[in-house]
> 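My questions all concern the structure below.
What you see is a predicted model, and the numbers here were worked out from it, not measured in a lab. Every chain is numbered from 1 and lettered A, B, ... according to where its sequence line falls, protein lines coming before strand lines.
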2 protein chains.
Amino acid sequence: MAGLTIKDIARICDVSISTVSRAINNDPGINARTRERVLQVVKEFNYIPNNSARNLKMAESNTIVLLVKGINNPFFQSMFPYFQAGLEKEGYQYLLHTIDEDADEAYAAEEITKEKRLKGIIFLGGILDYPEVVLENIQVPAVLCSVAVASPVLDKAEPRISMVSIDDEAEAYKAVSYFCRKGHRRIAIIAGRKGDYTVGSRRLAGYRRALQDYGIPFDPELVGYQKEDLPEYSEANGYAAAMELLKSGRRFTAFFVISDRMAMGVYKAIYDTGKKIPEDYSVIGFDGIEAVRYMYPALTTMIQPARKMAQSSIDLLMDQINGDTRKKHVMYEAELHERDSVRTIEDKE
Amino acid sequence: MAGLTIKDIARICDVSISTVSRAINNDPGINARTRERVLQVVKEFNYIPNNSARNLKMAESNTIVLLVKGINNPFFQSMFPYFQAGLEKEGYQYLLHTIDEDADEAYAAEEITKEKRLKGIIFLGGILDYPEVVLENIQVPAVLCSVAVASPVLDKAEPRISMVSIDDEAEAYKAVSYFCRKGHRRIAIIAGRKGDYTVGSRRLAGYRRALQDYGIPFDPELVGYQKEDLPEYSEANGYAAAMELLKSGRRFTAFFVISDRMAMGVYKAIYDTGKKIPEDYSVIGFDGIEAVRYMYPALTTMIQPARKMAQSSIDLLMDQINGDTRKKHVMYEAELHERDSVRTIEDKE
DNA sequence: CTGAAAGCGCTTACAG
DNA sequence: CTGAAAGCGCTTACAG
């Protein structure tokens with residue numbers, strides 16, 4: 001019922017199914033006229049080959065999957081077009097495969113690898129506790145992009161997996177140092193969830209190190225953790241965490257917010273308490289998503305080089321596909337984009 | 001090389017492959033102890049069945065795909081969690097399949113239907129010029145959600161396809177009428193691209209009808225079309241179109257913007273020209289995405305009932321799966337959410 | 001309850 | 001250049 005098979009086309013054309021297969025796969029060893037005739041029928045009857053059968057039989061396909069955990073993350077979303085264009089330029093088919101926030105990326109990767117005969121796979125987002133064993137299992141060229149991994153794998157000299165990332169600790173350090181240089185000394189942070197051991201904790205660590213280097217004591221009361229019951233890194237979570245800080249009575253002049261979406265929530269919290277940006281509170285975000293350029297005032301934020309990160313991921317994957325077995329770790333720097341949400345505090349204040 | 005097959009597991013367990021298959025598929029006709037033993041080995045060796053083989057053989061799977069055109073559309077994004085939760089609640093596997101802006105949704109649908117033995121498919125976004133023939137071809141329960149279709153299919157009495165939508169013309173009419181009741185008479189619109197014959201043109205039509213009903217002459221100079229060279233419905237496009245209007249020297253007091261993301265761009269254009277919202281310009285958006293609640297001032301917008309639309313799509317699909325062949329068309333109303341971006345113009349002004 | 005066998009729709013050596 | 005045949009890894013009647 002589900003439609004025509006290669007057999008039907010063969011019968012109609014009065015050739016063997018081998019010939020039909022060769023025609024649709026552009027096999028060089030086929031008479032041009034025969035190919036035309038078959039293709040004509042294929043078109044006319046709107047025949048579409050069954051990919052499952054194809055995947056089952058073929059030694060290898062031409063597709064690369066981008067396995068995304070966190071489809072709602074606008075920073076990841078901003079990378080999709082780059083991945084797509086880049087992979088297409090290399091001549092590969094590109095398949096976006098999304099998994100739930102609570103799904104197991106390792107299992108998902110193995111599953112899809114078995115189903116399709118992938119040329120390669122790029123992990124975007126998520127956490128991999130034992131990346132080497134996962135990559136070992138899937139037996140397919142792979143690279144991790146913005147994936148949180150356990151640190152042992154990150155041996156600089158001899159990385160055991162290919163990955164591209166930023167140094168979350170260092171970038172958070174930059175942002176907070178900037179605040180310090182602008183004269184801020186009471187700086188709040190909207191961090192990860194309590195107990196987070198990935199990106200959130202690394203950015204928090206950078207925050208603490210910056211404070212220390214500038215001789216500012218760390219005040220646990222100035223740390224706003226994301227709520228468990230609100231979506232992670234969402235506007236709502238930024239709003240809730242900021243509101244709590246704002247209402248705590250603690251004095252501070254700046255918010256370092258570890259995601260741009262949360263920064264949008266922070267803006268609203270500030271406005272809702274009748275305060276102004278940057279006069280009363282300065283704000284720095286993280287990610288560099290498109291939307292925050294349009295906030296009022298435009299958000300100063302740490303921009304992750306989305307395009308470069310996507311391109312590097314593709315490059316590292318191509319290296320592997322082309323037989324270069326050396327794994328590489330590309331670490332990018334984020335860039336503080338100064339816009340209008342941070343003010344300078346003069347000494348006399 | 002790609003890992004264990006069912007044969008390997010059979011050999012290890014010293015049973016036939018039939019038995020392994022029954023164990024992993026929870027077939028009732030199998031000895032409980034045998035099943036345990038097999039499952040134990042499956043787990044230990046981390047065996048994952050090949051889905052292609054499974055799809056090829058099985059009469060029918062348990063999966064439903066959500067075929068999305070426009071992965072970057074935040075309104076669609078906001079529906080993902082509802083689709084996921086709803087479909088899971090019904091006991092189905094849910095697969096998000098995304099296609100490019102310039103891909104052919106009809107072809108994609110046929111392709112995936114052949115590959116997997118789908119229980120059903122939901123189209124989200126995109127355009128279907130001949131929906132009946134497409135749905136006829138795929139031979140699988142299907143519903144269209146927010147898909148632009150040619151009107152003939154929309155016979156109210158006897159719809160030939162199942163779909164859920166809003167009435168774009170009527171909703172735009174509502175928004176613009178609201179402006180009129182608030183005393184605005186010079187109202188600009190940020191519309192679709194020139195030549196758009198789908199959502200954009202319908203909302204523009206609603207705009208024109210509202211003006212007419214309120215005795216306001218239509219002024220083509222107040223229509224800002226989206227630029228061809230900027231992403232559709234993006235902040236950047238809203239910014240560019242609004243800026244052009246703002247600099248044209250035309251007098252007007254309000255912007256009806258047919259997408260929230262564009263409204264974000266409009267905000268910035270207004271601010272960049274040194275004007276205020278809503279004092280100088282009032283703004284109404286369309287969609288009801290999360291982010292615009294956090295704009296300053298909070299955007300008044302037409303909220304599409306994302307949750308209900310997702311749920312209805314699921315319900316219509318379930319009806320078909322359960323054998324009800326009657327097609328239905330569910331039309332929802334959007335709701336104007338009054339926030340802070342529209343001011344009242346007094347008579348004397 | 002279990003196994004041997006057929007077959008899903010393709011691709012790809014192998015002969016001719 | 002073309003066809004007959006094997007086989008990818010499963011599921012599922014059919015026997016026993």
Side-chain angles (χ1 to χ4, degrees), chain A residues 1-39 41-42 45-63 110-118 139, chain B residues 1-39 41-42 45-63 110-118 139:
Chain A
M1 66 152 198
L4 300 174
T5 72
I6 196 171
K7 259 190 199 161
D8 301 310
I9 301 300
R11 191 162 14 77
I12 295 169
C13 297
D14 201 30
V15 296
S16 73
I17 61 168
S18 320
T19 300
V20 175
S21 176
R22 289 187 187 108
I24 60 185
N25 291 305
N26 247 301
D27 189 302
I30 183 177
N31 180 295
R33 252 214 295 293
T34 314
R35 194 211 291 117
E36 285 322 308
R37 197 155 52 86
V38 172
L39 258 25
V41 172
V42 163
F45 287 81
N46 191 28
Y47 163 68
I48 297 177
N50 181 318
N51 262 323
S52 284
R54 192 172 253 183
N55 291 331
L56 192 54
K57 201 65 191 79
M58 281 210 305
E60 180 165 83
S61 79
N62 199 33
T63 88
E110 292 193 48
E111 202 176 18
I112 186 120
T113 308
K114 284 226 175 178
E115 178 170 355
K116 322 263 185 189
R117 309 286 179 151
L118 300 185
Q139 295 271 45
Chain B
M1 69 152 197
L4 300 174
T5 72
I6 196 171
K7 257 189 200 161
D8 300 310
I9 302 299
R11 191 164 12 79
I12 296 169
C13 297
D14 200 30
V15 294
S16 74
I17 62 169
S18 320
T19 300
V20 176
S21 176
R22 290 186 185 107
I24 59 184
N25 291 306
N26 248 301
D27 188 300
I30 183 177
N31 181 297
R33 250 210 300 291
T34 315
R35 194 211 290 117
E36 285 322 307
R37 198 156 51 85
V38 173
L39 258 24
V41 172
V42 164
F45 287 81
N46 191 29
Y47 164 67
I48 296 175
N50 181 319
N51 265 323
S52 284
R54 192 173 254 181
N55 290 331
L56 193 55
K57 201 64 192 82
M58 281 211 303
E60 180 166 84
S61 80
N62 199 33
T63 89
E110 291 192 49
E111 200 176 20
I112 185 121
T113 308
K114 284 224 174 178
E115 177 169 356
K116 322 262 185 190
R117 308 286 179 153
L118 300 184
Q139 295 271 44

> Step by step, work out the side chain to side chain contact (heavy atoms under 4.5 Å, CB included) result for B:Thr113 and B:Gln139.
CA-CA 9 Å; B:Thr113 308; B:Gln139 295 271 44; over 6 Å; no
> Could you tell me the separation between the CD atom of A:Glu111 and the P atom of D:dC10, rounded to a whole number of Å?
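Atom CD in A:Glu111 sits about 12 Å away from atom P in D:dC10.
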> Tell me what B:Thr19 touches on the nucleic acid: a base, only sugar-phosphate, or nothing, going by heavy atoms under 4.0 Å.
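The residue B:Thr19 makes sugar-phosphate contact but no base contact.
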> Heavy-atom nearest nucleotide on DNA chain D for A:Pro28 versus B:Ala53: which residue maps closer to 5'?
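This one resolves to A:Pro28.
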> Mind checking if B:Thr34 touches a base, just sugar-phosphate, or nothing, with heavy atoms under 4.0 Å?
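Sugar-phosphate, backbone atoms only, no base.
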> Under 4.0 angstrom, heavy atoms only, what part of the nucleic acid is B:Thr5 near: base, sugar-phosphate, or nothing?
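Sugar-phosphate: the residue B:Thr5, judged by heavy atoms under 4.0 Å, touches backbone atoms but no base.
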> Send over the distance from A:Arg54 CZ to C:dC8 P, rounded to a whole Å.
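Those two atoms, CZ and P, are 19 Å apart.
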> Return whichever of B:Asp14 or B:Leu56 has its heavy-atom-nearest nucleotide of DNA chain C closer to the 5' end.
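That would be B:Asp14.
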> Whole angstroms only, please: what is the CG-P distance between B:Asn55 and D:dC10?
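Rounding to the nearest Å, CG of B:Asn55 and P of D:dC10 are 12 Å apart.
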> How is B:Asn25 classified with respect to the nucleic acid when contacts are heavy atoms under 4.0 Å: base, sugar-phosphate, or nothing?
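Contact class for B:Asn25: sugar-phosphate only.
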> Determine, step by step, whether B:Val15 and B:Arg37 satisfy the side chain to side chain contact (heavy atoms under 4.5 Å, CB included) criterion, reporting the C-alpha distance in whole Å, the side-chain angles of both residues, the deciding distance to 0.1 Å, and the verdict.
CA-CA 10 Å; B:Val15 294; B:Arg37 198 156 51 85; 3.8 Å; yes
> Distance check needed: C:dC1 P versus B:Arg35 CZ, whole Å only.
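For the pair B:Arg35 CZ and C:dC1 P, the rounded distance is 10 Å.
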> So which one's nearest nucleotide on DNA chain C is more toward 5', A:Asn50 or B:Ser16?
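Mapping each residue to its closest nucleotide by heavy atoms, the 5'-most match is B:Ser16.
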> B:Met58 versus B:Asn25: any side-chain heavy-atom pair under 4.5 Å?
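No - every pair of side-chain heavy atoms lies 4.5 Å or more apart.
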> Rounded at 0.5 Å granularity, tell me how far OG1 in A:Thr34 sits from CZ in A:Arg22.
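The OG1 atom of A:Thr34 sits 11.0 Å away from the CZ atom of A:Arg22.
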> What does D:dT2 pair with, Watson-Crick or G-U, if both distances are under 3.5 Å?
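Looking at the geometry, D:dT2 pairs with C:dA15.
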> Between atom NZ in B:Lys114 and atom C1' in C:dC10, what is the gap in whole Å?
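After rounding, the reported distance stands at 12 Å.
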> Near A:Asn26 CG, under 6.0 Å, is it more than 12 heavy atoms from other residues, nucleotides or ligands?
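Atom CG in A:Asn26 is crowded, with more than 12 foreign heavy atoms closer than 6.0 Å.
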> Quick one: label B:Ser18 by what it contacts on the DNA or RNA (base, sugar-phosphate, nothing), any heavy atom closer than 4.0 Å.
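Answer is base: heavy atoms of B:Ser18 come under 4.0 Å of a base.
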> At less than 4.0 Å, is any side-chain N or O atom of A:Tyr47 found next to OP1 or OP2 of C:dC10? Yes or no.
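For A:Tyr47, the contact criterion (side-chain N or O under 4.0 Å from OP1 or OP2 of C:dC10) is met.
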> In whole Å, I'd like the distance from the CD1 atom of A:Ile24 to the P atom of C:dC10.
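Rounded to whole Å, this separation is 7 Å.
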> Choose from C:dG9, C:dT12, D:dG3 the nucleotide whose nearest atom is closest to any side-chain atom of A:Ser21.
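The answer is C:dT12, which lies nearest to the side chain.
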> Let me know the distance between CD1 of B:Ile17 and P of C:dT2, rounded to the nearest Å.
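Atom-to-atom, B:Ile17 to C:dT2, this comes out as 15 Å.
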> Can you check the B:Lys57 NZ to C:dA5 C1' distance for me, whole Å?
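Rounded to the whole Å, the gap is 11 Å.
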